[in-house]
Amino acid sequence: MSVSLILLNDTLRLHDNPLLHIADGGSAKAAVIVLNRHAFFGQQYGIKRANLQRLQQQLSVIRSLSNALAARNIGLVTLFGDTAQSLLKLAQQLGATRLHCAKPVATYEYAAIARLSQQLSVTTLDCNSLLGTTSDPELAKLPDSFTAFRKQYEPSLQVALPVDIAMPDDTWLTPAQTARYNADFTQLLQQYLPHQLQFKASEDAAMAHLKHYIWQQRHILHYKDSRNQLIGKHYASFSSSALALGSLSVR
């Protein structure tokens, strides 16, 4: 049986997620997330790369997505370790030869995809920007500041419509088929995740907050004036965590 790995690291959501719409010729599909050990437990310049709150937030969002997928009879493989090594080991175990993932945006993610491309057929999709493949700028031609970049590209920006939530199909590995790979992640949940988190960035929480901020309370109307005041609860959108995690679609 041919298997494709669908890496959801940067798209921790059901809504507007092109990766969940991949058909791949009828091959079996394994939904996968890798919690990178170095990103959450490593150090850089003698400083921890992530604190406990960030780890807990990440674990919580992954668990929420796992439950949402399981409700649709889609199993989620949750791995813990080096991203490239973990995925290559899983590919060997499942006999997978293809990987689909969101287009990376940072150095370590690019390096992992480059390593994987040496042994797997890798396809990247622009899942987390408004640019798409047609207006994606070349790095050498990027302006030096965001304002200059915005003014250059905004007039011609064509934002595609969000894709609907994918309907489940019988090509996904089921929760029963993926449970055997999740032991390390389950141990992390038991060790680090409390019952309640002060700030939630799961898909449901992010969507509810977006609805409240923009449509119910209409705080977006004063955003340009209040965004830098740092006072109160609604001076800014507070959606950056959900956008960075991919639990909220930028579209």
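Sequential numbering from 1 along the given sequence is applied to the chain's residues. Reckoned from all heavy atoms, side chains included, excluding hydrogens, waters and symmetry mates.
Going from atom OG of Ser121 over to atom CG of Leu116 covers 11.5 Å, rounded to the nearest 0.5 Å. Note that OG1 of Thr123 is 9.0 Å distant from CD1 of Ile6, once rounded to the nearest 0.5 Å. Atom CH2 of Trp215 and atom NZ of Lys211 lie 11.5 Å apart (nearest 0.5 Å). Expressed to the nearest 0.5 Å, how far OG1 of Thr174 lies from CG of Asp170 amounts to 11.5 Å. Distance check: His21 NE2 to Asp169 CG gives 10.5 Å after rounding to the nearest 0.5 Å. Atom CD1 of Ile33 is separated from atom CG of Asn182 by 10.0 Å, given to the nearest 0.5 angstrom.
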task: List the steps and the verdict of side chain to side chain contact (heavy atoms under 4.5 Å, CB included) for Leu245 and Gln57.
output: CA-CA 10 Å; Leu245 289 165; Gln57 183 184 74; 3.8 Å; yes
message: Between Leu94 and Leu173, is the side chain to side chain contact (heavy atoms under 4.5 Å, CB included) condition met? List the steps.
response: CA-CA 11 Å; Leu94 294 176; Leu173 299 189; 4.3 Å; yes
message: What verdict does the side chain to side chain contact (heavy atoms under 4.5 Å, CB included) test give for Arg251 and Val159, after you've listed the backbone C-alpha separation in whole Å, the side-chain angles of each residue and the deciding distance to 0.1 Å?
response: CA-CA 8 Å; Arg251 290 187 288 196; Val159 180; 4.1 Å; yes
message: One pair to check against side chain to side chain contact (heavy atoms under 4.5 Å, CB included): Leu59 and Leu188. What are the steps and the verdict?
response: CA-CA 8 Å; Leu59 293 172; Leu188 281 175; 4.3 Å; yes
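Linking ILVMFWY side-chain heavy atoms closer than 4.5 Å, directly or via other members, places Leu52 and Leu35 in a single hydrophobic cluster. Follow the hydrophobic side-chain contacts under 4.5 Å out from Leu125 and you never reach Val105; the two are in separate clusters. Linking Ile, Leu, Val, Met, Phe, Trp and Tyr whenever their side-chain heavy atoms come within less than 4.5 Å puts Val250 and Ile214 in one cluster. Tracing side-chain contacts under 4.5 Å through hydrophobic residues (I, L, V, M, F, W, Y), one never reaches Tyr110 starting from Leu87; they form parts of separate clusters. In terms of hydrophobic clustering, with Ile, Leu, Val, Met, Phe, Trp and Tyr side chains grouped at heavy-atom distances under 4.5 Å, Leu142 and Leu130 are assigned to a common cluster.
A salt bridge does not link Arg37 with Asp184: none of the charged nitrogens is closer than 4.0 Å to a carboxylate oxygen. Taking a cutoff of 4.0 Å between a charged side-chain nitrogen and a carboxylate oxygen, Lys29 and Asp24 do not qualify as a salt bridge.
Asp144 CG: 12 or fewer foreign heavy atoms inside a 6.0 Å radius. Environment of CG in Leu161: sparse, with no more than 12 heavy atoms of neighbouring residues, nucleotides or ligands closer than 6.0 Å. More than 12 heavy atoms of other residues, nucleotides or ligands lie within 6.0 Å of CD in Gln44, so this atom counts as buried by the packing criterion. The number of heavy atoms from other shown groups lying within 6.0 Å of CG (Asn67) is above 12. More than 12 heavy-atom neighbours from other residues, nucleotides or ligands sit within 6.0 angstrom of CD on Gln93.
Looking only at side-chain heavy atoms (C-beta outward), Trp172 and Thr178 stay at 4.5 Å or farther from each other. Put simply, the side chain of Thr83 does not reach to within 4.5 Å of the side chain of Glu109, judged on heavy atoms. In this structure, the side chains of Arg13 and Cys127 come closer than 4.5 Å at one or more pairs of heavy atoms. Taking 4.5 Å as the limit, every side-chain heavy atom of Thr78 sits out of range of all side-chain heavy atoms of Leu189. Side-chain contact between Ser64 and Asp204: absent, with no pair of heavy atoms (C-beta onward) separated by less than 4.5 Å. Looking at Pro168 and Asn73, their side chains never come closer than 4.5 Å, going by heavy atoms from C-beta outward. The closest side-chain heavy-atom distance from Gln92 to Gln119 is not below 4.5 Å.
Residues Ala91 and Leu120 approach most closely at CB-CD2, 4.0 Å, considering heavy atoms. Ala102 approaches Leu19 most closely through the heavy-atom pair N-CD1, 3.8 Å. Nearest approach of Val61 to Ser247, heavy atoms of both residues: CG1-CB, 4.1 Å. Nearest heavy atom pair, residue Ala31 against residue Ile74, reads CB-CG2, 4.4 Å. Heavy atoms only, all atoms of each residue included: Ser226 and Tyr235 are closest at OG-O, 2.9 Å.
Looking only at distances, a side-chain donor or acceptor of Ser117 sits under 3.5 Å from a matching main-chain atom of Ile113. Side chain of Thr11 to backbone of Asn17: no donor-acceptor contact under 3.5 angstrom is found. One N or O on the side chain of Arg72 and one on the backbone of Ala68 form a donor-acceptor pair closer than 3.5 Å. Side-chain N or O atoms of Asp10 include none that pairs as donor or acceptor with a backbone N or O of Gly246 at under 3.5 Å. For the pair Asn36 (side chain) and Asp82 (backbone), a donor-acceptor distance under 3.5 Å is absent.
Tyr213 and His222 have perpendicular rings, their planes meeting at more than 60° on a 0 to 90° scale where under 30° would count as parallel. Taking the six-membered ring where tryptophan is involved, the planes of Phe146 and Phe149 are tilted, since the angle between them lies from 30° to 60°.
Qualifying side-chain hydrogen bond (donor to acceptor under 3.5 Å, both in side chains) partners for Arg150, counting only residues two or more places apart in sequence or in other chains: Glu154.
No option in His15, His209, Glu203 other than His15 meets the side-chain contact (heavy atoms from CB on, under 4.5 Å) test with Leu248. With Phe185 as the fixed residue, the side-chain contact (heavy atoms from CB on, under 4.5 Å) test singles out one of Leu79, Val77, Ile62: Ile62.
Counting only residues at least two apart or on different chains, the ring pair (Phe, Tyr, Trp, His ring centres under 6.0 Å) pairs with a member in residues 37-90 are Phe41-Phe80, Phe41-Tyr192.
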